[in-house]
Amino acid sequence: MPEFVIERNMPGVGALGPDDLKSASRTSCLVLNELGPAIQWVQSYVTADKIYCIYRAPSEDLLREHAQKAGFPANAISQVQTIISPTTAE
């Protein structure tokens, strides 16, 4: 299944506490359950003003639907072409 990186511009998100992040995670999971198994949230990276989310989904449209239903921005969605790591150099 294709993997995507979603960039969410959310000023001040890095200052949110554990309860706020837990609530956002729950909201995301509720919408994921509603949309079915075709979309999977892998993990997210929270920075000061953005969240970068890794998802697996058959299409960008399904990711946009998830963002809309959950009330999260999806400012940029990019499909991962390949993955590299330090082992790529070997």
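Start at 1 with the first residue, then count along the sequence.
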Self-check item: Tyr55 vs Leu32 side-chain heavy atoms within contact, under 4.5 Å
Solution: yes

Any heavy-atom pair between the side chains of Ser28 and His66 that's under 4.5 Å? yes

Taken to the nearest 0.5 Å, the spacing of Ile84 CD1 from Thr82 OG1 works out to 8.0 Å

message: Other residues, nucleotides and ligands only: do more than 12 of their heavy atoms fall within 6.0 Å of CG on Asp19?
response: no

Worksheet entry | Tyr45/Ile54 under side chain to side chain contact (heavy atoms under 4.5 Å, CB included): CA gap, chis, key distance, verdict | CA-CA 9 Å; Tyr45 301 91; Ile54 310 300; 4.1 Å; yes

Next item on the list: Check whether any side-chain heavy atom of Glu3 lies under 4.5 Å from a side-chain heavy atom of Gln79, and answer yes or no.
Entry: no

On a heavy-atom basis, the closest approach of Ala74 and Ala67 is CB-CB, 3.8 Å

(message) Could you tell me if the side chain of Val80 sits less than 4.5 Å from the side chain of Phe4, heavy atoms only?
(response) no

Residue pair Val42 / Arg56, side-chain heavy-atom distance below 4.5 Å:
yes

Quiz item: Are any of the side-chain heavy atoms of Trp41 and Cys29 separated by less than 4.5 Å?
Solution: yes

Taking the side chain as every heavy atom from C-beta outward, state whether Thr88 and Ser85 have any atom pair closer than 4.5 Å.
yes

Find out if a path of hydrophobic residues (ILVMFWY) with successive side-chain heavy-atom gaps under 4.5 Å connects Ile83 to Val5. yes

d(Asp61 CG, Arg64 CZ) to nearest 0.5 Å is 8.0 Å

- Task: Would you check, one step at a time, whether the test side chain to side chain contact (heavy atoms under 4.5 Å, CB included) holds for Thr27 with Phe72?
- Result: CA-CA 10 Å; Thr27 297; Phe72 301 138; 4.2 Å; yes

CD of Glu7 to OG of Ser78, rounded to nearest 0.5 Å, is 8.0 Å

_side chain to side chain contact (heavy atoms under 4.5 Å, CB included) between Glu65 and Ile39, worked out_ = CA-CA 11 Å; Glu65 182 180 355; Ile39 180 173; over 6 Å; no

### Task
Verify, without hydrogens or angle tests, whether Arg8 (side chain) and Pro73 (backbone) share a donor-acceptor contact under 3.5 angstrom.
yes

Taking every heavy atom of Ile77 against every heavy atom of Leu63, the minimum-distance pair comes out as CG2-CD1, 3.8 Å

Subject >> Side chains of Met10 and Asp49 in contact at under 4.5 Å (non-hydrogen atoms) >> reply: no

In short, Ser44 meets Cys53 closest at the heavy-atom pair OG-SG, 3.1 Å

